[in-house]
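Beneath this line is the structure, given in structure tokens, with notes to follow.
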Amino acid sequence: MNRTIVWFRRDLRIADHAPIYRAALRGAVIPVFVFDRALLHHPETAPARVEFLLQALAALDQELRDRGGRLIIRFGDPVEVLPNLIRETEADGIYAHIDFERIYGRVRDARLNRVLAEQNLKIRWFEPLGTTPDLIPYPDYRELWYTHMEADLVPTPTRIEVPDTISSEPIPTLAELELVADGKPIPPASIHAARQLLQEFLDEKSDRYYWQLSYPSAEATTGLSPHIKFGVVSIRECYQTAKAIEPIADWRVERSQKQLIARIRWGSGFAQRFRYMPQLEVRSLYSVFDEDGWEFDEELYQAWQAGQTGFPIVDAAARCLQATGGWKELNFRSRALYSSFLSNLLGMDWRYGALHFMRHLIDGDCPIDHYQWAMQAGVTHCVDKTWTRIYNPEQVAVDRCDPNGAFIKRWVPELEHLPAELLGTPPPTKGYPAPILNYKQARQQRVKQLENQRQKFLHQNNVVPYLGRLPQDLTPFGSDRYPSEVSWAATPDLDLFPAAINLDTLDLDQAKAIRSWFVAHVEIPPRKIAKRRKPKPKPDEIQLSLL
């Protein structure tokens, strides 16, 4: 009987999952998850995010058991574990989704490819939803994304046979992984929980999502982000569920529906940029920003981390992040305000901010988090714009994002006695610090700095010469501040899988294509919401070859 290993990574589901479906059609399945120290002890690891992962693994195991299977747990370097597992189980090979969230993962997968080839062992990589190996202009990618989302869902296997003889370790506790819980409340992690969140959103929030998304106290978000980060639910299922609201009787619902779909698409787009340019994990898009250097002050950095800046809207976001992991309450506007303060007003390297976020976010996703951080710092989408968006953290922000002061008063109780109109620049208050900077002066300085730096590449048709390159040293940022497992970065001749774009070999058309990913496409018209066609019936059984 055919046997196929299915290696789960950030796709912890069996619904709309091509590798598990194809493997089940072939015969017996060996679903495996490998606990890898290089990821568990990465400088950007958040214990709360790992707690969510453990819950998601338990839910995946139950889904498999409901269909006659179970999840196999192993520990160690996947480059050693997986070839050994093929031999141990006499499997034909491995099925897995390509993953390019982190440079480490791409180094690991390139090493695995090499080892498997040397040992005449097989692996088949599946393309994830909403991605492409080809360098294409962004408008073409946008259409490709919709094509992926509108395709039929991959059927969920009704039966998954896992050989009884294969041993498995139990799903570990956080302590057994040598991580310390930090007290954040962990949302339920399962496909059922994700579907319930989405349905609750559609039932209760879809008439107000678009308008209240900027108000943190409104809690208008879906709460789906941790599930999407770990692939507990597929983005195609989310897209099709959101799109299936018909007939649309309320224009407010339709607008919120489009906004939700756009945000799912943006997340895929950030990942695709990292596929092209993995250096975005550790470098600014344009080399000038890192070459000129950044300011850094440890005392001010710690005040920003702890919510002691003297700007209440910033401090509320800081404390909310550390207390909750941000997955539901810390919406995009709060994150933008908080991040803009560090890079644009304190003048500090956005990578320090991304590091702090990733150590706390339950929904932390490297491409989304890092790219958004760089955007807020003004160092990405700026090849065709001269203006700089720097958030005013004073009364302007309170009036726009927290007009009743509910969010600030919850997280900065020192100020709960003040009316909302005083929460932008509160009077001296016992137990609350004075502002750590002068907003107008800091803003003026940053605007001038960005204008000078952008002059080197502004409006250039070919931006390739100005783009940052992948560094020779791939050690993750922040490993000097936190104990980390980074010995892999010292390995000579590091390759990546999938490979990065070689910027030095691009022709003019390819240079134009890469440029299209870093400009604002205001000319692209909104896409019309089409009715879902009924899926075609699929045959019950198909015999598929491994490769």
Side-chain angles (χ1 to χ4, degrees), residues 4-26 29-36 39 53 56-57 59-61 63-64 69 71-72 74 78-79 81-82 85-86 91-113 116 121-134 144-145 147-149 151-157 160 191 194 226-239 264 267-276 278 365-368 496-499 544 546-547:
T4 311
I5 293 171
V6 176
W7 182 21
F8 285 97
R9 290 107 75 79
R10 294 198 307 129
D11 50 356
L12 305 181
R13 64 182 186 276
I14 61 174
D16 200 25
H17 191 288
I20 194 76
Y21 174 66
R22 297 290 185 97
L25 289 176
R26 293 191 75 250
V29 183
I30 303 158
V32 64
F33 184 87
V34 182
F35 283 94
D36 183 345
L39 290 176
L53 164 67
L57 290 172
L60 174 61
D61 180 55
E63 287 281 296
L64 292 166
L71 183 63
I72 306 300
R74 295 294 167 94
V79 179
V81 170
L82 292 173
L85 187 62
I86 293 177
D92 301 313
I94 303 169
Y95 281 178
H97 275 123
I98 296 171
D99 183 23
F100 38 86
E101 182 191 14
R102 288 203 174 277
I103 290 174
Y104 164 71
R106 295 168 78 155
V107 169
R108 172 202 61 208
D109 292 352
R111 290 172 54 225
L112 177 63
N113 282 340
L116 291 174
L121 302 174
K122 298 178 181 178
I123 187 166
R124 177 179 175 180
W125 296 105
F126 286 73
E127 192 69 33
L129 290 171
T131 69
T132 176
D134 302 319
L144 177 143
W145 187 88
T147 300
H148 283 198
M149 295 306 110
D152 295 334
L153 299 177
V154 176
T156 302
I160 299 174
I191 186 69
H227 294 86
I228 291 176
K229 184 270 186 301
F230 285 109
V232 175
V233 63
S234 84
I235 56 173
R236 179 158 56 198
E237 180 175 339
C238 294
Y239 171 90
I264 297 173
S268 297
F270 294 143
Q272 184 65 34
R273 290 176 177 90
F274 270 56
R275 180 168 192 165
Y276 292 149
D365 183 288
C366 181
I368 295 174
L496 301 183
F497 177 80
L544 299 171
L546 184 67
L547 297 177

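As the structure is a computational prediction, the values presented were derived from the model and not from experiment.
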Ring pair (Phe, Tyr, Trp, His ring centres under 6.0 Å) with Phe100: which residues, sequence neighbours excluded?
none
For Val6 and Pro19, work out which heavy atoms get closest and say how close.
CG2-O, 3.9 Å
Suppose we screen for ring pair (Phe, Tyr, Trp, His ring centres under 6.0 Å). Which residues come up paired with Phe274, at least two apart in sequence or across chains?
none
With rounding to the nearest 0.5 angstrom, report the CG to CZ distance, Asp99 to Arg108.
6.5 Å
What are the two closest non-hydrogen atoms of Pro128 and Ile98, and how far apart are they?
CG-O, 3.1 Å
For the residue pair Trp125 / Asp109, report whether a side-chain donor-acceptor contact shorter than 3.5 Å exists.
no
How long is the gap from CD1 on Ile86 to CD1 on Ile94, to the nearest 0.5 Å?
3.5 Å
What pair of heavy atoms forms the shortest contact from Cys366 to Glu101, and how long is it?
N-OE2, 3.0 Å
Tightest non-hydrogen contact, residues Ala18 and Phe126, listed as CB-CD2, 3.8 Å
Taking the side chain as every heavy atom from C-beta outward, state whether Pro78 and Leu112 have any atom pair closer than 4.5 Å.
no
Which distance, rounded to the nearest 0.5 Å, do you find between the CG of Leu53 and the CZ of Phe33?
4.5 Å
Working to the nearest 0.5 angstrom, can you tell me the gap between Tyr239 OH and Leu129 CG?
12.5 Å
At what distance, to the nearest 0.5 angstrom, does OH of Tyr95 lie from CZ of Arg26?
5.0 Å
Within the distance-only criterion (no hydrogens, no angle test), does the side chain of Tyr276 pair as donor or acceptor with the backbone N or O of Asp134 below 3.5 angstrom?
yes
Quick one: does Arg102's side chain have a donor or acceptor within less than 3.5 Å of a partner on Tyr104's backbone?
no
Any donor and acceptor pair, going by atom type alone, linking the side chain of Arg74 with main-chain N or O of Val32 inside 3.5 Å?
no
I'd like to know if the side chain of Arg275 reaches the main chain of Ala271, judged simply by a donor and an acceptor atom lying under 3.5 Å from each other, with no hydrogens or angles considered.
no
Quick one: list whatever passes ring pair (Phe, Tyr, Trp, His ring centres under 6.0 Å) with His148, sequence neighbours left out.
none
I'd like to know if the side chain of Asp61 reaches the main chain of Leu71, judged simply by a donor and an acceptor atom lying under 3.5 Å from each other, with no hydrogens or angles considered.
yes
Has Glu63 got a side-chain atom pairing as donor or acceptor with Arg13's backbone, closer than 3.5 angstrom?
no
Mind listing the closest non-hydrogen atom pair of Lys122 and Asp92 along with its distance?
CB-O, 3.9 Å
Do the side chains of Arg236 and Val154 get nearer than 4.5 Å, heavy atoms only?
yes
For side chain to side chain contact (heavy atoms under 4.5 Å, CB included), just list the numbers for Leu57 and Phe35, CA-CA rounded to whole Å, side-chain angles, deciding distance to a tenth of an Å, and then say yes or no.
CA-CA 11 Å; Leu57 290 172; Phe35 283 94; 3.4 Å; yes
Rounded to the nearest 0.5 Å, the OG atom of Ser234 sits from the CG atom of Leu153 at a distance of 6.0 Å
Is the ring centre of Phe8 less than 6.0 Å from the ring centre of His17?
yes
On a heavy-atom basis, which atom in Ala96 and which in Arg9 lie closest, and how many Å separate them?
CB-NE, 4.4 Å
Test item: Glu237 and Ile191 side chains (from C-beta on) under 4.5 Å apart, heavy atoms
yes
